[in-house]
Amino acid sequence: MASVLLLSRPSLTSPFSRRLSTKKSISSCTSFKIRAFSASPPAEPRVVVTREKGKNAKLINALAKRDISCLELPLITHVQGPDADRLSHVLCSDSFDWIIITSPEAGSVFLEAWKAAGNPRVRIGVVGQGTANTFLEASKLPDQPLQVAFTPSIATGKVLAQELPKFDHSDCRVLYPASVKASNEIEDVLSDRGYDVLRLNTYNTVPVVEVESRLLDLARSVPVVAVASPSALRAWVNLVNSEWHNSVACIGETTAAAAKKLGLKNIYYPKNPGMEGWVESIIEALDSRTNQFQEVVFKCPPHPDKNKV
């Protein structure tokens, strides 16, 4: 079953958190009741965060600074891809002009294989700053065997492939560790530019198996759902079917395009993918929902008594 947590502004005495802890400590019922009655109710969630378990904290904290409470509903999880075991062997036995990384998860999988291969010298091109942050620690090693050497002007895979610097020799080689679900766009663009591309499907993104119905009902009522990948978006649409018409805030253009293809209408996303822009898109979506509600209220006809002369 999916792990789902209701998160609001920090409150050590929230009734919700106490309900979660009663199974662990039944002996302190008296003190528990006192603390519960003295606590304020948890804030109503305004945003559903949907990244895999353990990777929503940064967004939750950023929104908490704006007094925005979240419902954590992980919709996806990552599993090993068919080429995962090949990656470290390829790094040991071969060399590349570039290794391109298009997501934090791809970066994490690559780092494990890179360390298993003995930290060979590599040059990395990343899609954006969020992905680059995955390599901060490794890039500070003595002699800098791993260098993050390129980030495109716009944080998308297509622009990364279009702008990746090419060296003088004709057989410029690129290693592309990717998700099973990633399209062929990146390797197609690179191949058209004359690169020799080796793609390895090192991980896969799969939807969670089950979500508790009560929590899903709560999530449906929240004004904005924040999604960071087309996989999470598809998982959400499959859960709510066609009954949901609230807003979706996407981390970037790729996920927003997937939202449009899935028939969603109220879509918000930043021009440049990243945490800061994502937060601003979420706030924009929330403000839009508030304005729509106000317009409905203002358009309501006056009370019949007020029409009397």
Side-chain angles (χ1 to χ4, degrees), residues 2-11 42-76 103-105 127-131 133 154-156 205 207-208 211 215-237 239-240 243-296:
S3 171
V4 187
L5 297 175
L6 178 63
L7 298 117
S8 60
R9 291 185 292 274
S11 174
E44 181 178 346
R46 299 173 64 197
V47 179
V48 179
V49 293
T50 60
R51 273 181 160 170
E52 59 271 29
K53 185 178 179 180
K55 297 188 178 180
N56 288 299
K58 189 174 182 180
L59 178 58
I60 290 168
N61 292 336
L63 292 173
K65 292 178 181 178
R66 310 288 190 101
D67 290 328
I68 298 171
S69 300
C70 296
L71 174 68
E72 185 176 16
L73 185 69
L75 294 178
I76 59 171
S103 72
E105 183 62 24
V127 73
Q129 188 57 48
T131 302
N133 290 340
I154 300 175
T156 67
T205 304
V208 295
V211 175
L215 292 166
L216 181 58
D217 288 341
L218 175 60
R220 282 194 183 102
S221 68
V222 175
V224 176
V225 170
V227 290
S229 68
S231 296
L233 189 63
R234 286 189 292 267
W236 173 253
V237 170
L239 284 170
V240 299
E243 303 170 4
W244 185 80
H245 303 288
N246 287 348
S247 298
V248 56
C250 303
I251 196 171
E253 183 179 354
T254 300
T255 305
K260 186 174 181 180
K261 287 182 180 179
L262 288 168
L264 299 179
K265 302 298 182 184
N266 304 309
I267 305 167
Y268 298 82
Y269 67 99
K271 181 178 180 181
N272 290 315
M275 183 58 63
E276 184 177 349
W278 196 15
V279 169
E280 293 304 320
S281 293
I282 291 170
I283 292 171
E284 183 182 357
L286 286 169
D287 289 344
S288 176
R289 297 293 300 178
T290 300
N291 293 337
Q292 288 176 14
F293 175 77
Q294 289 174 342
E295 288 176 6
V296 171

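The backbone N or O of Leu218 sits less than 3.5 Å from a side-chain atom of Ser221, completing a donor-acceptor pair. In terms of modelled atom types and a separation under 3.5 Å, the side chain of Asn56 and the main chain of Arg51 share a donor-acceptor contact. Side chain of Asn246 to main chain of Val222: a donor-acceptor pair is present (N/O by atom type, distance under 3.5 Å, no hydrogens or angles). Counting only distance, with no hydrogens or angles, the side chain of Thr205 and the backbone of Ser231 share no donor-acceptor pair below 3.5 Å. Remark: the backbone N or O of Val248 is not paired with any side-chain donor or acceptor of Asn266 at under 3.5 angstrom.
Taking all atoms of both residues into account, the shortest heavy-atom contact from Pro45 to Pro223 is O-CD, 4.2 Å. Taking both residues in full, the closest heavy atoms of Leu215 and Leu71 are given as O-CD2, 4.2 Å, listed atom of the first, atom of the second, then distance. Smallest separation of non-hydrogen atoms from Val47 and Ala226: CG1-CB, 4.0 Å. Minimum interatomic distance between Cys250 and Ala259 (heavy atoms only, all atoms of both residues): SG-CB, 4.3 Å. The shortest heavy-atom contact between Val49 and Glu72 is CG2-CA, 3.6 Å. Between Ala235 and Leu75 the shortest heavy-atom distance is CB-O, 3.8 Å.
Using a 4.5 Å heavy-atom cutoff, the side chains of Tyr268 and Ser247 are in contact. Contact of the Lys58 side chain with the Met275 side chain is registered, since non-hydrogen atoms from C-beta on lie closer than 4.5 Å. Residues Ile68 and Leu286 have side chains in contact (heavy-atom distance under 4.5 Å, counting atoms from C-beta outward). Counting heavy atoms from C-beta outward, Val211 and Val208 have side chains that approach closer than 4.5 Å. Between Ile267 and Lys260 the shortest side-chain heavy-atom distance falls below 4.5 Å. Leu264 is listed as a side-chain neighbour of Val237, based on a closest heavy-atom distance under 4.5 Å.
Under the rule for a salt bridge (charged side-chain N to carboxylate O under 4.0 Å, His left out), the partners of Glu52 that lie at least two apart in sequence or sit in another chain are Lys55.
Rounding to the nearest 0.5 Å places CZ of Arg46 at 9.0 Å from CG of Asp67. Distance CG/Leu239 to CH2/Trp244: 12.0 Å, rounded to 0.5 Å.
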Open item on the list: Would Leu216 and Trp236 count as a side chain to side chain contact (heavy atoms under 4.5 Å, CB included) here? Give the steps.
Closed with: CA-CA 10 Å; Leu216 181 58; Trp236 173 253; 4.2 Å; yes
- [ ] Could you check Arg234 against Ile76 for side chain to side chain contact (heavy atoms under 4.5 Å, CB included), going step by step and ending with a plain yes or no?
- [x] CA-CA 10 Å; Arg234 286 189 292 267; Ile76 59 171; over 6 Å; no
Side-chain donor-acceptor pairs of residues 278-285 under 3.5 Å, sequence neighbours excluded:
unit_1: Trp278; atom_1: NE1; unit_2: Ala249; atom_2: O; d: 3.1
unit_1: Glu280; atom_1: OE2; unit_2: Arg66; atom_2: NH2; d: 2.6
unit_1: Ser281; atom_1: OG; unit_2: Gly277; atom_2: O; d: 3.1

